Every structure is written in structure tokens, then in C-alpha cells.
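Down below is the structure, laid out as C-alpha cells.
What you are looking at is a predicted structure, and each value in this text was computed from that prediction instead of being measured. Computed over heavy atoms, backbone and side chain alike; hydrogens, waters and symmetry mates excluded.
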Amino acid sequence: MPVQSPISSVNDFVVRFANVNGSGSASANELFARSILRHGVPVSPRNVFPSNIQGLPTWYEVRVTEDGHLGARGGVDLMVAMNPQTWEKDVASVEPGGYLFYDSTKPIPSSKFRADIIVIGVPLTAITNSTYTDPRQRQLFKNIIYLGALCALLDVDPKIVEQLIGEQYKGKEKLLSSNIHALHLGRDWALQNLKCPIGLRIKKADKVGDRIFIEGNSAAALGAVYGGATVCAWYPITPSSSLADAFTSHCKKLRHDPETRQAKYAIVQGEDELASIGIVIGASWNGARAFTATSGPGISLMTEFIGLSYFAEIPAVIMNVQRAGPSTGMPTRTQQCDIIACAYASHGDTKHILLFPEDPAEAFEFAAQSFDLAERLQTTIFLMLDLDIGMNHRLCHPLRWDDARQYDRGKVMTAEMLDDGRDFGRYLDVDGDGIPFRTYPGTHPTKGSFFTRGTSRDRYARYSEEGAVYADNMQRLLRKFETAKDMVPRPLQANAQKPTKYGVIYYGSTAPAMDEAIGLLEARGHHLDRMRIRAFPFHSSVASFLAEYDFVYVVEQNRDAQLRSLIVNENGIDPVRLVPILHYDGTPITARYIAGAIGDHQDQLKVTPLRKVKS
């Protein structure tokens, strides 16, 4: 049907760029997002890209929201359609009354458009070809030309974009001037030939505050530096490789001796994931703070060594940037699908500590905390990131660190303690918390530990296959896991505006969309108390929360409701009372999806069943 009223909105809309991977569009698209930030308006960008090097479709979505919502909203208000391969899909995704921006150099049949959206054609290829002769320049500057046209259409201040270009090409005057020229080519054409601005506009505001714009992988890597990590062993795998790269970059700035300039760290690319986790465990056994960065397939390969860390009680940190599986799955798509695999990694009875940050600020905080937890609990700690957090820029609170903070090395017995006659049993629980004392190799020539093993042993590390000895050790490991409940980050709770019989549990990167969905649900008359889980094992408050409601929704991004399964398994909860809200197509979950799924279930609960009337 014909459009009745074009979308009109200031500082509140979604722009999606549809490009071809390898076309050089990423730089221009990020310039667009950063330019809006410089106007004082919050943005939440997301990059959807293929796992091959170039040639396949890629999308970059920028949510502009003065209200500061950082989750994906759902829907597109302005589509910048630069990829003929995905034209039909891109046109279909535009909201009624929205805008379609495209390269009009070649005519496109009217049947390819929709009558209920506004079409904006700019002859980008023609403008580019009339200005540049070099094929690569034509490809790259075409992106800057459409950025210039968008500046005119959305009322973006071109001086701000020029400033960003200047920062990007500082010291490269030829590139600087040519990019600014391309920017004004597009802007001038739009101003002369189109009605500018359109219904979507950027207006300067002061809504960003002191927040920073950073990727989760970079923040986690910086957390590792501040947390005392000196060893990183890794094998490249999407989407975690940038975390190891960021750790390398941070270490070059922060981990060189100021006088000798010698490196005070070791970064090793192993021949595979198995070697990487082996290096981490070996370094940790010798007293270093060590970690690896990986994703789901890497976790699969590491499980035997993870079991060694658990049973021999050696600290280790694994930063798992989750992607869509199983097997190779979708390497460049996001999911929360490694929860069960990590919680019970390895064969036999194992339970591991998982931390669930919601954004880069918590990624930094939890990464640093992981190393304290690993040494206090003498076990593997999983930092459960995902691609949506790890590889996308996010606005978040400034990263905070207390310079007076001391590293917690846990129960480490010194040579002096051993000489004083302290009873040292490597697997001896001396105070009931399940955590034994350890020594660093070489602490004492005769009384400390020099070796470890993955086989059963008694409290004094003497090899034994007696059933009672094995069971004693396994029960102590359970006590240690119970102790961890009060060490890990606690859940955060928030109550609805009105008393309710319903609750919702969520975690990790789902949080921004969930927070916004609460408002959408309240507009439909549905009220939920909510809890954001930040770690496994679950704090006792989780069971208390679950006991209060008729139904609790569990929102997560995987097919099999993995967090819900953990909750049922660990708390003995009737699964009927836990309603799964699942999203697993590889794209970030949206506020609209959550509100729709929960709202529909709530509406069904309000339906009054028909009753037979007695005659």
C-alpha cells in the first residue's frame, strides 16, 4: 500500500548498511557511527559479516537512540542498499514509512521497490567514475561519497566527520584531503538534488556523558593485563583472535620495563588449541598468571587438559568468545551456546566456574577477577563472552581499577611455613572450604611439590586407586565448588513497578535487549521482576528468586535452553515453571523479540477458560 506518513524521528532510528565483504565499506560505516557519537547521541553498532575473506554479503547496523538503549531493537528505518545480491532481503527489512537509499546509476525496475517506503536514489557509481580513474579508488571513495550524502539527508554536521577523518589520517595529508573531497562530493550532490533533511535527523545532544566506546575483546584483554596475566597462549579462531591481538597491543604499551625496555610477558601461538591450553596450565603450575582466548571448537579440543586443571587443581583462565555451532557452525555469528560444554567440560564428574559479563566494562572487570578466582580456587575459570560483546563497539561506563588492589594468590604455602612444621598435604582440606594449600615448584628442596598428576591420589598426593580415597577427593572438590558460590559475582535483581507472579532470568549479551524489553512489556500491561545471572555456580539468591513466582522466563541465545538446563540440574526446580525464551539464528536477540515472546505467553495466561454452565 502507498506510504501514508514517512517515519519522522530525531535521534531515534536504525540505519543498516548492506555491503559486500572486502569492499572497504567498514571504515566509512564506522565513521558514520562515530560521527553521531560526536554529536552527543548514543549509538549501538553491530557488524554482521561472513566468515570468508571477501565477496559475500555483510551488514553494519547502527542504532541511534538518545534514550541510550544498547541492545538490538529489530527493524530498519533507513536501509543503505549497496549490495545487489541481497536487494530483496534488504528492501523487505525496511519498516513501513522507512527509507531506502541506493545507487541509482543504473535503472532498477519499479517492481523491485515497495510502495510503502520512501526511495532515495543517488548515482554513486556515476559520481565516482566521473571523478576517479583508478579502480581501487573508485571502490573505496564510493563509500565516502555515500557517507557524504547521508550527512545531508540526516543533517549530520560535516565538520564533525571531517574531524574524524583528520584523526584517522593524521600525518597522511594526501589521504586526508582526498577523503574530505569525496565526502563533499556526496553531500553537495544530495543538497542540490534531494530534499534534505529527510524525516530522520540527527540533532546535537549531550547524552553520551563520560561513557567510552570500546570492543569487548579489547576490554577483556586489558582486564587480563590489569589482572596480572603474564602468559597468553592461543591459536587463531574467530571470534577470539582479536582478544589475543589486543592483549599483545596492551602489553607492548604497559608491560615493558621502563629502563631496559625488556618485555615482561610471553605470548605464544601454539600449533593448536590443545597445545595452547597445555602451555597455560604449565605456566600456571609454575606460578604465572596465564590464559587462552578461544571459541567453541577450541573448547572441544581443550577438554582433556581442562579436566587436568580441575582434578590436579591448577589455575587457568579461558576466555571463550562464543559463536554459533556445533562443529564449524557459523564462525561469524553470535550465540550463547557453550554454557553446558564449559560448565561440565571434560569426562567424568567435573564442574567449572563460568562468568557472564554483559558489556565491555564487565568484560574488563570479570577478566581481571578471573585470575584471582583461578588462584583462590585452583581451577579453570571461564570468561563467557560472545561475538556480540567481543567484536562490536559498545558504549559503557569507564573502566575502573583500584591501584591499591592486591592480587589474591590464594592458599600458597611458603618455604618458611614448611620449615615451621606446617602439615602440607597437597589435597588436604584444612579449614572445610575444600581448597587445599599448594606450593610453587621449587619452593622447598624436600617438603614442597615439584610434580603433579591427573590420576587419583590421597590427601598427601600419594598415588591411590582405593575407592574411599577417590570418593573423599571428589567430595572435597564439591565443597570447593560450594565455596565458589560466595566468591563469584552475585546476580543483580530489579523489581517490577507492580507486584507480580512472574519473573525473568537472563545473562550476558542478552541484557541490553532485555532491559529495553521490560518497558515494552509494561506498555502491554505485563510486569516482571528480573534477575541477571552473572556467574555459575549459582548464588543461593537464585533459588530464592525462583521460589517466589508461578513462572520464570529464562531468556537466552541458544536452541536447547542451556542456562535453564543448568538451573534445573543444580537447583532441582520443576522445569514446567521455567519458560524458555530462545533465539538462535546467529543475530543478536532484540528487545522486540523478547517482548513479543514473553508478551504472547502472558496473554495466554490471562485467557479465562470456558466453563460448562449447569442447567
Side-chain angles (χ1 to χ4, degrees), residues 224-234 247 251 255-257 259-260 262-270 274-292 302 304-318 353 368 370-381 405-431 433-464 469 473 476-477 480:
V225 174
Y226 275 77
T230 56
V231 176
C232 171
W234 66 295
F247 182 73
C251 283
R255 280 284 175 80
H256 281 262
D257 186 280
E259 296 181 0
T260 66
Q262 288 186 329
K264 298 157 66 176
Y265 58 91
I267 299 172
V268 183
Q269 181 178 320
L274 193 61
S276 300
I277 188 62
I279 293 168
V280 167
I281 291 173
S284 297
W285 164 250
N286 279 280
R289 289 192 158 189
F291 78 98
T292 188
M302 293 178 183
E304 185 174 1
F305 263 132
I306 293 170
L308 175 65
S309 168
Y310 177 80
F311 201 53
E313 297 178 73
I314 302 171
V317 172
I318 298 176
I353 286 81
S370 294
F371 295 95
D372 279 352
L373 288 171
E375 294 207 284
R376 289 178 70 184
L377 293 163
Q378 300 173 33
T379 194
T380 294
I381 306 296
R405 177 172 167 178
Q406 299 292 314
Y407 298 143
D408 187 342
R409 308 308 297 261
K411 294 181 180 179
V412 179
M413 196 165 285
T414 64
E416 292 75 19
M417 295 165 69
L418 291 167
D419 282 333
D420 287 343
R422 290 282 293 271
D423 185 16
F424 175 56
R426 176 63 187 94
Y427 303 106
L428 177 66
D429 184 2
V430 296
D431 51 16
D433 64 1
I435 306 172
F437 273 87
R438 63 180 175 133
T439 62
Y440 301 129
T443 294
H444 195 283
T446 59
K447 299 178 180 179
S449 295
F450 282 82
F451 304 99
T452 192
R453 66 195 309 162
T455 54
S456 180
R457 68 272 148 166
D458 68 10
R459 297 177 181 182
Y460 290 86
R462 294 174 298 214
Y463 174 73
S464 172
V469 170
N473 191 54
R476 180 184 58 77
L477 289 170
K480 183 167 73 168

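- Among the candidates Ile318, Val268, Val231, the single residue satisfying the side-chain contact (heavy atoms from CB on, under 4.5 Å) test with Thr292 is Ile318.
- No donor-acceptor pair closer than 3.5 Å links the side chain of Ser449 to the backbone N or O of Thr439.
- A distance of 11.5 Å separates OG1 of Thr380 from CZ of Phe305, quoted to the nearest 0.5 Å.
- In this structure, Arg409 fails the cation-pi test against Tyr440, since its NZ or CZ atom is not both closer than 6.0 Å to the six-membered ring centre and inside 45 degrees of the ring normal.
- Considering every non-hydrogen atom in both Ala312 and Arg453, the closest pair reads CB-O, 3.7 Å.
- With rounding to the nearest 0.5 angstrom, the CZ atom of Arg289 is 9.5 Å from the OG1 atom of Thr230.
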Would Tyr265 and Cys232 count as a side-chain contact (heavy atoms from CB on, under 4.5 Å) if you check the C-alpha gap in whole Å, the side-chain angles of each, and the deciding distance to 0.1 Å? CA-CA 8 Å; Tyr265 58 91; Cys232 171; over 6 Å; no

side-chain contact (heavy atoms from CB on, under 4.5 Å), that's the test. Do Phe424 and His444 meet it? Break it down for me. CA-CA 12 Å; Phe424 175 56; His444 195 283; over 6 Å; no

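- Considering all non-hydrogen atoms of both residues, Pro436 and Gly425 come closest at CB-O, 4.4 Å.
- At most 12 non-hydrogen atoms from other residues, nucleotides or ligands lie less than 6.0 angstrom from CD of Glu304.
- The two residues Thr414 and Thr443 make their nearest non-hydrogen contact at C-CG2, 3.8 Å.
- Cation-pi check for Arg476 over Tyr427 is not met; the charged atom does not lie both under 6.0 angstrom from the ring centroid and within 45 degrees of its normal.
- Remark: the backbone N or O of Ser464 is paired with a side-chain donor or acceptor of Ser456 at under 3.5 angstrom.
- Counting only distance, with no hydrogens or angles, the side chain of Ser284 and the backbone of Pro315 share a donor-acceptor pair below 3.5 Å.
- Judged purely by atom type and a 3.5 angstrom limit, Lys264 has no side-chain atom pairing as donor or acceptor with the backbone of Asp257.
- A salt bridge between Asp372 and Arg376 is absent, with no side-chain N of the basic residue lying under 4.0 Å from a carboxylate O of the acidic one.
- At least one side-chain heavy atom of Phe291 sits less than 4.5 Å from a side-chain heavy atom of Phe247.
- For the atom pair CD1 of Ile306 and CD1 of Ile277, the computed distance is 6.0 Å after rounding to the nearest 0.5 Å.
- Closest of all the heavy-atom pairs between Ile381 and Ser370 is CG1-O, 3.6 Å.
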Would Glu375 and Tyr407 satisfy side-chain contact (heavy atoms from CB on, under 4.5 Å), going step by step from the backbone distance to the final call? CA-CA 10 Å; Glu375 294 207 284; Tyr407 298 143; 5.7 Å; no

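- Rounding to the nearest 0.5 Å places OG of Ser309 at 12.0 Å from CE of Met302.
- Between Phe371 and Ala290, the shortest heavy-atom distance links the atoms CE2-O, 3.7 Å.
- Arg426 is not listed as a side-chain neighbour of Tyr460, based on a closest heavy-atom distance of 4.5 Å or more.
- Separating the CG atom in Asp419 from the OG1 atom in Thr446 is a distance of 7.5 Å, to the nearest 0.5 Å.
- You'll find the side chain of Ile267 reaches within 4.5 Å of the side chain of Trp234, heavy atoms only.
- Expressed to the nearest 0.5 Å, how far CG of Asn473 lies from CG of Leu428 amounts to 11.0 Å.
- Listed here is the closest heavy atom pair of Asp429 and Asp433: OD1-N, 3.4 Å.
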One pair to check against side-chain contact (heavy atoms from CB on, under 4.5 Å): Phe311 and Arg457. What are the steps and the verdict? CA-CA 10 Å; Phe311 201 53; Arg457 68 272 148 166; 3.5 Å; yes

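- The existence of a salt bridge linking Lys411 and Glu313 is excluded, since no basic side-chain nitrogen approaches an acidic carboxylate oxygen closer than 4.0 Å.
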